[in-house]
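The structure under discussion appears below in the form of structure tokens.
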Amino acid sequence: MATFAHVLSHALMITGFVFVMMLVIEYVNVLSRGMLIKYARSSFLGQYVIAGLLGLIPGCLGAFTVVAMYSHRMFSLGALVTAMIATSGDEAFVMLSLFPHDALLLFALLFLISIPAGLSVDVVAGKYRPVWMKGIGYHSTEELPCEGFQIHSGESCHLFSLNNFKEKWKEAAGIRSILLAVLV
């Protein structure tokens with residue numbers, strides 16, 4: 001039987017992992033100036049394909065990434081369902097080591113099933129309007145004022161610049177120190 005400390009440590013570890021994934025998604029979105037999200041939203045199957053591919057990543061990384069995208073209203077409920085159907089989680093590592101050929105076939109089958117399933121969820125739920133459904137009534141999430149990521153279009157982003165890191169660290173050293181301590 002698991003002790004309270006054991007359960008608490010796992011809960012904190014998973015919470016920290018999800019938090020770090022949300023930070024990484026924010027960073028990649030700012031770095032790409034929102035191009036991945038624009039592609040996912042403008043393409044008929046874009047968000048489903050991206051969600052399915054992220055779901056195929058062994059472990060929880062891809063699934064947590066899609067959950068973070070969904071929580072920012074960047075992916076629809078159907079895209080979330082797509083990722084959850086496509087994922088095998090930590091079991092993917094075991095399957096790849098014990099029966100790699102069959103595991104890859106299973107992953108491909110899950111991917112192919114997940115996309116129409118996710119699309120069906122969105123069509124039934126009415127939360128997402130593909131291009132071919134224009135004119136059919138639904139309630140859009142695009143009307144919500146707090147949706148999405150900040151792009152910071154006027155600012156330039158220097159990827160892993162040591163000088164930039166030092167300057168930004170000094171600007172909010174207290175807050176960043178607390179964040180670093182929590183993450184460690």
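Just so it is clear, the model here is predicted, and its values are computed rather than measured. Position 1 is the first residue of the sequence, and the numbers go up from there.
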Going hydrophobic residue to hydrophobic residue with side-chain gaps under 4.5 angstrom, can you get from Leu109 over to Ile57?
yes
I'd like to know if the side chain of Ser114 and the backbone of Ala83 have a donor-acceptor N/O pair within less than 3.5 Å.
no
Assigning hydrophobic clusters by single linkage (Ile, Leu, Val, Met, Phe, Trp, Tyr; side-chain heavy-atom cutoff under 4.5 Å), is Met84 placed with Leu61?
yes
What distance do Leu80 atom CG and Met69 atom CE have between them, rounded to the nearest 0.5 Å?
12.0 Å
Taking the side chain as every heavy atom from C-beta outward, state whether Phe99 and Leu106 have any atom pair closer than 4.5 Å.
no
Hydrophobic clusters here meaning ILVMFWY residues chained together by side-chain heavy-atom distances under 4.5 Å, can you tell me if Leu54 and Phe93 are in one?
no
Counting C-beta onward and ignoring hydrogens, is there a side-chain heavy-atom pair between Pro116 and Tyr48 closer than 4.5 Å?
no
Atom of Leu110, atom of Ser88 and distance for their closest heavy-atom approach:
CD1-OG, 3.8 Å
Can you measure from OG1 (Thr82) to CZ (Phe111) and round to the nearest 0.5 angstrom?
9.0 Å
Can you hop from Leu56 to Leu98 via hydrophobic side chains spaced under 4.5 Å?
yes
Do Val94 and Leu105 land in one hydrophobic cluster if side-chain heavy atoms of ILVMFWY residues count as linked below 4.5 Å?
no
For a 4.5 angstrom cut-off between non-hydrogen side-chain atoms, does Leu96 reach Leu104?
yes
Least distance between heavy atoms, Gly78 atom then Asp122 atom:
N-OD1, 2.7 Å
Roughly how far, to the nearest 0.5 Å, is NE2 of His10 from CG of Leu12?
11.0 Å
Heavy-atom count around Phe107 CZ within 6.0 Å, excluding the residue itself: above 12?
yes
Would you call Phe75 and Val67 a side-chain contact if the rule is heavy atoms closer than 4.5 Å?
no
